Amino acid sequence: MRFLTLALLSALCAGATELRAQGKATAPLVLRLPASVRALSLGNVNVASSNDDVIFYNPAQLAVARAASLSLQRFSGGSIAGALSTAMAFNNGGIGIGAQWASFDASAPLPFTPANVTQQGGLAAASASATIGMAQVIRGLRVGAAGKVAEEIAGTERSLTVLGDVGVGKDTRLFNFGAAVRNVGASYRSTTGARIPPPTRLTVGAQAGRPLAVIWPSMSPFIDVGAAAEVTVLRDGWIKPAAGLELGYAWIEGYSFLVRGGVRRPELGERPMTAGASLVADRLRIEYALEPREGGTLSHRFGLRIR
Amino acid sequence: MTYRLKFPVSSLPSLALLLLACTQSLQLSKDDSKVVLAQQTLDAPNPGDAGPFNVRTLYYGSGTDKRRTYYRDSVKIKTKAVDGSAFVAMDPPEARDRKKHWGFDTKHFPLNGRVWYPEGDGPYPLVLVVHGNHNPDDYSDPGYKYLGELLASRGFILVSVDENFINGGLRNESDGRAWLLLEHLRAWKAFTDSSANPFHAKVDWNNIGIMGHSRGGEAVGHAAAFNRMARYPDDANVKLGYNFNIRAVVAIAPVDAQYKPAGQFEPLENVNYLVIHGSHDGDVSTFHGLRQFNRLKFTDGNLWFKSAIYVYRANHGQWNQVWGSTDNGPTSARFLDLRGLISQEEQRQFGRVVIGGFLEATLHGRKEYLPMFVDHRTIGAWLPKTMYLTRFQENTFKALATFDEDVDVTTGSVAGVTISGDSLSTWKEANLPFRWTNEVMNTNAVWLGWNNKIAGDDTTKRGKPARFTVSISDSLSNALALNERSVVMLSLAPTNDAPGPRKSAADSAKNDSTKKDSAKAAPKKAPAPPKKKAEKDTTPVDLTVELEDRDGVVARLPLSAFGVPRRPLDVHVLRRAGREKQNFRNPFELVPQTYVMPVADFQRSAPQFSPSRLRAIRLVFDRLVAGTVIVDDIGVANPDPAFLAHAIRAVMK
């Protein structure tokens, strides 16, 4: 709980100051964009999650993820990003596959920054990746790895790269912990000859969720609370704390309505606050996230998950 | 900058509909308690009321508990820790966690107990009560305070035994729970033997009772059996040899057979036994204790009895003041329909009355409380106003037809009994099912369905009423030696099924199913009427019970004169629509009600009837056109007169 509180506070402070030190170019862009509706509404915190879209954040958690989901995000100016993932049991853990993409009109050639998705330009551009991951439980510790192929397209220019993620995860009585190193691999060379490094990052985080009545028995049995927090260190040493809170009303077994809020230290193009909501109807979950972007625009992400 | 979000107000009704759509409406059977519980023929003091003794309390324990100061620093009597490793197994990480949490491991289980005892010299009967599985940190043992205060005030020593340290995620530990109870008794023996102990010579060692709730309810059965064994069945290197005089066993909403000694269902014999269970139990959602009830045999000729009471709208946890109404943990309200429950106080008042009466009758020898276990209508004023189904048997019961002995439906349970049916649409024997899917009671019963209506255009045409007869040979009748103080007993559960009308051609009068030539006698077969799907019928079920002697004198009374034959009581414990069907075999529990029918009542209706010359017990289905009932345990008994002292007199209706 102390970790979650500290991370939440630091994310709040960092978000408030809106420091933007992280400006070095990395590629592909799609790996710097959110890939999960729930994660986005919690400040893009997802390293200790057990949803199928954790394949994009921490492959170790595939050991417990069992679902399929699709999400789409619309940015101002018509840019669209999306993600598709599924995870299932395999051996003593799980496997998953996923795909992410973003299409936008860039205002500048490669390398792109997250700000590009909200800036209208004249250059038709796209960024996409396909990921396959696997996790196993070894002596109580979840260990996972994922490989991905990513491509960046800007007009006639195309660049392809192969990257990998590794992660670990562990649950305790109160918390789920996760840590992952993502986007490890060779820099790719653009047609101009420039070498652009991948957006490698190390993330450590935790999450917890409980019915409120379990924490305080006198409270309503229908309310759930959850919190998630993580700290990410980017390739250039820039540190990004983020945290989110989730409040759910589960009026009957299998059905619930949740609202979420997140705060993060924003990267380029991002704003510190995010929010979202979700309606769970048995195996189906409809998700929504709101992400204010730099420049005062709002971006909306919708998703469907089937468990 | 301002962000504007528009919320479509018009979508609110749809949202509300979605919120409600998955919740089912409250479904309860119509309450008949105002009629059924209208009388109070038992005129003893209410055993649920406090008695004359001042109540004192204390804790005893091993003093090793890290969590609870009252079992560490406040113990008045120090007990030695005991090695439970032969009974309770856990994997190393679990063992490590538990040792860290509690401060001891399986080799050093503490003997902790909270005691309510009467002020005075005694000796008093000693009763142990043990909780079942629950959140280990939400300590269960204080939850029987209401029983402790009551029983101590009435001259019992009640000990609520602490077994919280084996609660949580453990499995197959019920034998450990039982063994710990016996270890507590052994510790108590030492207390009473020591002249320095506050309980020196205060325990009446001829009258010991054990009670258990949930898994504890299973454990008391094992404890009663282990008590008379020399060695632990699953590891004969472990000695038992307790041999305490356990006379009373109470199981509160028990599970059954989570532990099977040597792979078998625990055999149980020669104890007084009471099992109570709530219809709306959200944890043990079937009357599992009926299996323990059925297994209990009386073999030594002493006065013993067993009673099972199914309490409509009671749940699992309200018999424990800590557990309360949330059978599924703090978020129960999401899963369980709690709207139908009787109040916590009502449920505990039932516990006080019934457990108090049982222990008074069995440990204090107060026979005036025996009738309440034969027929709960005798204590209508004491019981909370809900519906009850009861089973009863005492040691003189002689079974004529239990339907367990073989697969021949025409034979009884003893030589000299033959069974026949006439005009029955359904006549089959099968294992009684529990409400829990794939679970059975491990006892057979007979299904009897009838429809006295003759198929055809004339809807008023009726055939001879269907009947089911248990015939007794002369020699058996002589051996039974029935008299005017004897009783005829059977257990019966009406169902919601009703067979279709009887074929017109194959009438009744000559259609004795036991006669091989009945088919020949029938005229040409008319085309069979289409089989109708059984429909739920809500008309009250009743039938006539006939006793016939060798002279052909028939005494008859309606079954309803001895108790109310109810159709299955609706049980919907889960809130979400459709979940009940997914999780349970039936939206009801089939609990055959035991009817204890004094022969004297029959004699009043036919004074010439001679019970010593009983030739047949017959069920005549003449009071309802169509229906199906399940019948079990037809027999006779010569019970202690105290059982019938306040019986409600049966009259012909």
Side-chain angles (χ1 to χ4, degrees), chain A residues 76 118 137 139-141 170-174 209-225 248-259 261 271-286 288-300, chain B residues 1-8 11-12 14-25 91-94 96-98 100-101 134-139 168-169 282 317 322-339 572-580 582-583:
Chain A
S76 66
T118 51
V137 180
R139 293 190 176 186
L141 185 71
K170 172 91 179 164
D171 291 350
T172 65
R173 268 179 73 192
L174 297 176
R210 293 281 178 284
L212 196 58
V214 169
I215 305 166
W216 291 295
S218 58
M219 301 301 284
S220 164
F222 303 110
I223 295 173
D224 292 326
V225 289
Y249 178 70
W251 65 94
I252 194 167
E253 170 218 346
Y255 288 77
S256 62
F257 180 75
L258 301 106
V259 291
R271 301 281 294 170
M273 309 297 283
T274 63
S278 175
L279 180 68
V280 182
D282 207 10
R283 297 173 60 208
L284 181 70
R285 184 181 280 250
I286 303 164
Y288 167 72
L290 177 71
E291 184 187 29
R293 302 288 299 184
E294 198 173 52
T297 61
L298 286 177
S299 127
H300 307 276
Chain B
M1 161 159 331
T2 57
Y3 300 122
R4 299 181 81 184
L5 275 175
K6 282 187 183 171
F7 184 80
S11 65
L12 274 176
S14 320
L15 191 63
L17 203 64
L18 177 73
L19 293 175
L20 294 172
C22 40
T23 311
Q24 67 180 4
S25 59
D91 56 33
E94 172 100 42
R96 254 197 322 272
D97 284 354
R98 283 180 179 260
K100 191 175 163 192
H101 187 78
H134 185 71
N135 175 0
D137 294 325
D138 188 23
Y139 310 122
V322 174
W323 295 1
S325 62
T326 53
D327 287 352
N328 239 324
T331 57
S332 289
R334 298 182 193 181
F335 302 90
L336 303 176
D337 194 341
L338 306 177
R339 295 170 297 172
H572 294 84
V573 295
L574 301 175
R575 264 190 81 202
R576 191 169 151 187
R579 278 285 191 259
E580 204 76 25
Q582 283 176 6
N583 286 276

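Because the structure is predicted, anything quoted here is derived from the model rather than measured. Letters A, B, ... are given to chains in the order of the sequence lines, protein chains preceding strands, and every chain is numbered from 1.
B:R579 CZ to A:I252 CD1: the interatomic distance, rounded to the nearest 0.5 Å, is 9.0 Å. The distance from the CZ atom of B:R575 to the OH atom of A:Y255 is 12.0 Å, given to the nearest 0.5 Å.
The greatest number of non-hydrogen atom pairs below 4.5 Å with chain B, out of A:S220, A:G254, A:A250, is found for A:A250.
Closest approach of B:A333 and A:P221 over heavy atoms only: CB-CG, 3.7 Å.
Side chains of A:E253 and B:N328 form no contact here, defined as non-hydrogen atoms less than 4.5 Å apart. At least one side-chain heavy atom of A:D224 sits under 4.5 Å from a side-chain heavy atom of B:R334.
Of the two parts of A:P211, the backbone and the side chain both hold a non-hydrogen atom closer than 4.5 Å to a non-hydrogen atom of chain B. Of the atoms belonging to A:I223, it is backbone heavy atoms, and not side-chain ones, that fall under 4.5 Å from chain B.
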